[in-house]
Novice: 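One structure follows; several queries about it will come next.
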Amino acid sequence: MTNILISSVFGFFSGMLGAMGLGGGGVLILCLTVFDNIEQLRAQGINLLFFIPISFVAIIFYIKKKLISWEIIVPCILIGIPCALLGFYISQFLDKGLLSKIFALLLLIIGLLQLFKNDNNSQQNHRIL
């Protein structure tokens with residue numbers, strides 16, 4: 001019962017953060033690996049499936065509010081798809097412990113960048129990708 005409760009709480013916050021474009025996947029992956037003892041690669045796959053419906057709902061609202069800049073997002077998609085394939089391929093050869101450490105390091109770096117980020121730029125750029 002505790003796992004269902006914890007998973008529900010993390011699912012709620014992951015979905016909410018994901019719909020706001022704030023990286024709820026990091027929260028969900030941490031929950032799956034720490035509380036449910038799911039290996040990193042499997043947690044990443046679950047995370048991707050979890051966010052497919054949430055992304056579609058969020059995209060609809062962002063399009064309605066005209067907050068998507070297609071001239072930025074199309075090249076990102078065209079570059080991101082092959083890079084995602086390459087990243088998945090490379091991850092197959094990495095030790096599970098090393099993959100978890102790389103993920104933790106990236107979360108730490110992103111957190112520090114956000115903590116010390118200059119907020120003046122974020123207020124001027126009101127359009128979302």
Side-chain angles (χ1 to χ4, degrees):
M1 182 64 174
T2 305
N3 272 349
I4 293 173
L5 181 61
I6 290 172
S7 295
S8 298
V9 169
F10 274 95
F12 171 78
F13 285 111
S14 295
M16 189 173 65
L17 291 172
M20 292 189 295
L22 298 175
V27 173
L28 184 60
I29 291 173
L30 288 173
C31 172
L32 292 172
T33 56
V34 173
F35 294 107
D36 290 335
N37 294 320
I38 295 175
E39 67 180 46
Q40 181 81 26
L41 277 176
R42 185 171 297 235
Q44 288 171 204
I46 292 168
N47 173 59
L48 292 173
L49 286 174
F50 178 79
F51 279 99
I52 289 172
I54 293 167
S55 297
F56 281 126
V57 171
I59 287 169
I60 291 168
F61 288 109
Y62 279 81
I63 288 173
K64 282 185 177 183
K65 291 186 175 203
K66 299 183 191 279
L67 293 173
I68 294 180
S69 177
W70 295 103
E71 60 274 0
I72 294 173
I73 197 64
V74 170
C76 289
I77 290 171
L78 294 175
I79 294 168
I81 290 173
C83 289
L85 292 170
L86 179 63
F88 178 76
Y89 177 76
I90 291 170
S91 70
Q92 300 298 303
F93 301 104
L94 294 176
D95 176 61
K96 294 175 189 172
L98 177 62
L99 189 60
S100 293
K101 288 179 175 115
I102 291 170
F103 181 71
L105 181 63
L106 288 174
L107 282 179
L108 180 64
I109 290 169
I110 291 168
L112 289 172
L113 288 173
Q114 288 288 44
L115 187 62
F116 296 109
K117 182 175 138 182
N118 182 358
D119 283 342
N120 292 335
N121 290 339
S122 65
Q123 290 173 353
Q124 292 172 355
N125 298 327
H126 63 281
R127 287 182 57 112
I128 308 287
L129 293 176

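Computation of the quantities below employed the complete heavy-atom set of this structure, encompassing side-chain atoms and omitting hydrogens, waters and symmetry-equivalent molecules.
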Novice: Indicate yes or no: at least one non-hydrogen side-chain atom of Trp70 is less than 4.5 angstrom from one of Ile63.
Specialist: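 When only atoms from C-beta onward are counted, Ile63 and Trp70 do touch, with a gap below 4.5 Å.
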Novice: Nearest 0.5 Å please: distance from the CG atom of Leu67 over to the CD1 atom of Ile59.
Specialist: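 It is 12.5 Å, given to the nearest 0.5 Å.
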Novice: May I ask whether Leu106 and Phe103 are part of the same hydrophobic cluster, defined by side-chain heavy atoms of I, L, V, M, F, W, Y residues being less than 4.5 angstrom apart, directly or through others?
Specialist: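 Leu106 and Phe103: separate clusters.
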Novice: Do Leu30 and Leu107 have side-chain heavy atoms sitting under 4.5 Å apart?
Specialist: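 In short, these two side chains touch, coming nearer than 4.5 Å.
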Novice: Can you get from Leu99 to Phe88 by hopping between Ile, Leu, Val, Met, Phe, Trp and Tyr side chains that sit under 4.5 Å apart?
Specialist: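 Looking at the clustering, Phe88 is in a separate group from Leu99.
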Novice: Checking the side chain of Asp36 only, and the main-chain atoms of Ile38 only, is there a donor and an acceptor separated by less than 3.5 Å?
Specialist: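 Not a single qualifying donor-acceptor pair exists.
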Novice: Within this structure, what is the CZ-CG distance for the pair Phe116 and Leu112, rounded to the nearest 0.5 Å?
Specialist: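 Those atoms lie 6.0 Å apart.
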Novice: How many angstroms lie between atom OH of Tyr62 and atom OG of Ser55, to the nearest 0.5 angstrom?
Specialist: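 Here the rounded value is 10.5 Å.
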Novice: Please check if Ile68 and Phe56 belong to a single hydrophobic cluster, counting links between Ile, Leu, Val, Met, Phe, Trp and Tyr side chain heavy atoms closer than 4.5 Å.
Specialist: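 Each belongs to a different hydrophobic cluster.
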Novice: If I compare all heavy atoms of Leu41 with all of Ser91, which pair ends up nearest, and what's the gap?
Specialist: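 Nearest pair, atom of Leu41 first, then Ser91: CD2-OG, 3.4 Å.
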Novice: Could you work out, with side chain to side chain donor-acceptor pair (under 3.5 Å) as the rule, every residue matching Gln40, not counting sequence neighbours?
Specialist: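 For Gln40 the side chain to side chain donor-acceptor pair (under 3.5 Å) partners, ignoring immediate neighbours, are Gln44, Ser100.
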Novice: Could you state the interatomic distance from NZ (Lys117) to CG (Leu113), rounded to the nearest 0.5 Å?
Specialist: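 Going from NZ on Lys117 over to CG on Leu113, the span is 9.5 Å.
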Novice: Quick check: closest heavy atoms across Phe51 and Asn47, and the distance to 0.1 Å?
Specialist: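 So the minimum-distance heavy-atom pair works out to CE1-OD1, 2.9 Å.
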Novice: Are the side chains of Leu94 and Ile102 in contact, using a 4.5 Å heavy-atom criterion?
Specialist: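 Yes; the side chains approach each other to less than 4.5 Å.
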Novice: Do Leu28 and Leu108 land in one hydrophobic cluster if side-chain heavy atoms of ILVMFWY residues count as linked below 4.5 Å?
Specialist: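 Different clusters: Leu28 never reaches Leu108 through Ile, Leu, Val, Met, Phe, Trp or Tyr contacts under 4.5 Å.
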